[in-house]
Each structure stands twice: as C-alpha cells, then as structure tokens.
Amino acid sequence: MPIPRRSWAEPFKIKVVEPVRLTAPGQRLAAIREAGYNTFLLRSEDVYIDLLTDSGTSAMSDRQWAGMMLGDEAYAGSRNFYRLEAAVQRLYGYRYLIPTHQGRGAEHIISRILIKPGDVIAGNMYFTTTRLHQELAGGRFEDVVIPEAHDPASEHPFKGNVDLEKLEALIARHGAARMPYVSIAATVNMAGGQPISLENLRAVRKLTARHGIRVILDATRVAENAYFIQQREAGQQGRSIAEIVKETCSLTDGCTMSAKKDALANIGGFLALNDETVFEEARNLVVVYEGLHTYGGMAGRDMEAVAIGLEESVEDSHIRARVGQVLYLGEKLRAWGIPIVLPIGGHGVFLDARAFLPHLPQEQYPAQALAAALYLDSGVRAMERGTVSAGRNQDTGEENRPKLELVRLAIPRRVYTQAHMDVVAESVFCVHEERQRVPGLKMVYEPRYLRFFQARFEPLA
Ligand SMILES: *Cc1c(COP(=O)(O)O)cnc(C)c1O
C-alpha cells in the first residue's frame, strides 16, 4: 500500500509534563458566571485546554532552563544583559538594546520619546497596548492596513500589508512633521496573525524615507511573519527564517518586542534602536519606569532565557512545526465549514463570530458570547477580539464597531499536542451545531483602560 502522505512532526520530544484537568459542565457554568462571562477572569485551574493567549505561555527548552541557572542577578551590568544585547544585535541587526519587563514597557518608552501631543501615528492595524501608549502620549492612531485585512474571507496572502496610497494621503494631509513614525506590526495580531511582505515593507521604507519619517517595528511575531514570507513571497523560498528576520528588521529604525511570544520566554521584552540620540533618551527613561538600563524589569535569568529563545525562534524546523500546528487546527475547522479568518494566521485560528452567530447583533458582543459558549462546552479557553477589545472612540466616547468580530484560539508554542488540537476542533464543531442557542451578552462593568481584560457581562434572555 502506498503511504498517502508523509507527515511532519514536532522537532522536540517531551521531558516534563504538567497535568491538565477536564472539569464537569456544572463546574464550568459556575466558573464562567463567577468570571462575569469574561475568559480573562477565569482561574486557569478551571480551564482544560488554554488557548487564551500565546503570550508567556510557551514551553521553554532544556537549553533555556539550563540558561536560567546561569542567571547573573547583579543589579548592574549582569552578564545575561550582554548576552541578550549580542543576540539582538546578531539576529535582528539593531545597534542598541533597552530591556523592558515586557512589550508594553517598550511601547511606553518609545511613545513618550517620539510622540508629541497632536501627532498622528499610522500603522497596519491597531494593537491594544500599542495604540493606548500612543494615545497616552498625546498621539492619534490611523489605520493604514490594506482593506482586505478587515475582511475575514479575503485570502490575500499578505493581509498585513500597508495601503501605500492611504499612507501617502495621510502624510499629505498632516505633514511629515506631525508623523513621528509609522508603526509596523509583523504579523498583525488583530487581523488574525496576518503577515506583511518584504516587498510592501520595502515600499513603506522608501516612501517614509522620502519624508524623513521613521519606521518602528512591532517585532513580537517577526519570526512567524518570516515563515509566511518564505512560503508565499516570490523569490524568498530559498532563504532561511533567520535571513528574512534580519532583512525585515533592517528596513526599520527600531523595534518594540514582547519576548513572551516568538522569543519563547515566559516574561520579558525590549526596545531596540539604531539612532543614538533616541537610544540615549530611552536609556534614561527606562530607569524611571522599568529598572536600570541593564535589566529593565527582568531578572538576569529571564534575560538569558530570552537570549536563547530568540536563537531558537529563528530555526526553520521550529517555526515550520509551530505554524504547522496552527494550520492543522485551522484546516480541520475549515473542512467542517466553520467560519474562520483566512488565510489561517501564524499564532492562532480566529473564529469569525459574526458569521458563526448571525443571530446576535454586534451590540450583544457575539465574539465574547462565543468565547464563553466554547468554554462552557469543553473547558477550552479562547479570547474575544472584537467590539470589547476595540474599546471606545477617543473623542466621542462611542463604542468602536470593528469589522472584525473574532474569537482567537491562540496556540501556545511547544505546549499542546495534535490530540489537544483535535479536542479543540471537535468542541468548536459542537458549539457550531448548537449555535442558535448561544445567547448575547450585556456589559455590566466596564473598566476605563483596555476594558477587555476586566469587563464583566451577563447573558441576555
Ligand atoms: C502582546 C503584544 C504586545 C504587548 O506585549 P506585552 O509583552 O504583552 O506587553 C504588543 N504587540 C503585539 C502585536 C502583541 O501581540
């Protein structure tokens, strides 16, 4: 008998295991009520398969754990800082490194330095913490992602691309002096983990350079972005992930990084820069908000884990299996006719809640309702990426109504097996079968900042 196909497998074997527990339906109902129908407020003990986020949830390698023992917990000048600095210089190519406790620490610092009140920051779709720091610094975010990014069904291979005409029109309207930098995410989390192409980034670079505008990269998932470039972009097939990552960074002036995602660490982040003046200012500010410039809120052992994780994150075999697992789950759901964002992204599968629950109007938070329903079915925890996450308009106070009303099944790196993915897919299938019975929600508590983390809801009817 011929073998129908040759499978790939994870490039690791499992050395340590952590038990997970399947709870009873009654327990789940009590838990989600207690959590105000917000999966962020569940206790992880009550969760079976946790796809809330891929942030800080990776399994570290034996090398990373060994590295933790080499933590040099000096207040100043820890050797792990120099290891991390060298790794960033070698793999990303930036000159200067500012460590921060996580990505938002870096966003805070760069926003404070570069943004003046009234400035406009263009970007390929907003990210929650990134935009908030830009706004708190007095800036206003303008979305310049291509329109396909807002259409869950569009199969454009690079839905993270910048609409160059839109960007050019924005520069013409506000003037380059009001636009300190363009904010480029690779991949675009809020669009479903969608990549930006090298060709598009080169064009952004050319356009902004003409006007003297900087480009700051959100490098949180730059290795996953590189994988899509390698797979989809003309002329890139023969190149390694490491080469593509380095070229991506070379087209920008600096990056903010959450080391909790691609870099396979449980905590950490950094700001990396090429401009010495901006670096000097950042090195000064980090002391105020994060910690001394050679630790920035991280322990020495954390910096070591990030340095090693960065190296592992650009290995071709790692990234192929990582994105491969996401594709496995996505393809399964797609084959069953479940509405998901296409193409399948790099860090998770995004359910299209509007198509999934067409009986719920957007005011009833369909994505929030779907995430709660999925938890009730199986104990699988996902996250809302829709109206609740989009928050309110800065000027009018009205709720933003994003075109994308999504539930994100984010896959932690190196944590779950293919059997876990099967259980998740089957639970989504069952909720889909019973979708008419999923009730809408009303918000009964709304925090002022980043409301999705702590908002509370009650089911309607
Ligand atoms: C997680 C994330 C951040 C913020 O990083 P934290 O480490 O959570 O502070 C910024 N941008 C993107 C795209 C992210 O996914």
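Order of listing sets the numbers, starting from 1, for every ligand and every atom in it. Counting from 1, the numbers follow the sequence of the chain as shown.
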When you measure from atom 4 (C) of ligand 1 to every protein heavy atom, which one gives the shortest distance, and what is it? T129 OG1, 3.5 Å
For H133, does its backbone N or O pair with a side-chain atom of R104 as donor and acceptor, under 3.5 Å? no
Nearest protein heavy atom to atom 10 (C) of ligand 1, by residue and atom, and its distance? E107 OE2, 3.0 Å
In terms of atom number and element, which parts of ligand 1 are under 4.0 angstrom from non-hydrogen atoms of N189? 15 (O)
What residue pairs, at least two apart or across chains, pass ring-ring contact (aromatic ring centres under 6.0 Å, His included) with a residue in residues 266-311? Y75-Y295, Y96-F279, H108-Y289
Ion pair present between E34 and R456, side-chain N to carboxylate O less than 4.0 angstrom? no
Any N or O of G103 closer than 3.5 Å to N or O of ligand 1: yes
Considering distance alone, does some N or O of D218 sit under 3.5 Å from an N or O of ligand 1? yes
Counting from 1, what ligand 1 atoms have a heavy atom of R104 closer than 4.0 Å? 5 (O), 6 (P), 8 (O), 9 (O)
What protein heavy atom sits nearest atom 14 (C) of ligand 1, and how far off is it? K261 NZ, 3.0 Å
4.0 Å heavy-atom contact, M190 with ligand 1: no
With heavy atoms under 4.0 Å as the rule, classify the contact between K260 and ligand 1 as side chain, backbone, both or neither. side chain
Under the criterion salt bridge (charged side-chain N to carboxylate O under 4.0 Å, His left out), I'd like the reasoning laid out for E399 against R401: C-alpha separation, chi angles, the key distance, then a yes or no. CA-CA 6 Å; E399 272 194 326; R401 292 259 183 265; 3.0 Å; yes
Could you find the nearest protein heavy atom to atom 6 (P) of ligand 1 and give me its residue, atom name and distance? Q102 NE2, 3.3 Å
Are N38 and Q454 close enough that some pair of their side-chain heavy atoms sits under 4.5 Å apart? no
Give a yes or no on whether a salt bridge exists between E168 and K166, defined as a side-chain N under 4.0 angstrom from a carboxylate O. no
Could you tell me whether E446 and R451 make a salt bridge, using a distance below 4.0 angstrom between a side-chain N and a carboxylate O? yes
Cation-pi geometry met for R381 and Y48 (6.0 Å, 45°): no
Relative to atom 5 (O) of ligand 1, which among S258, G56, G269 owns the nearest non-hydrogen atom? S258
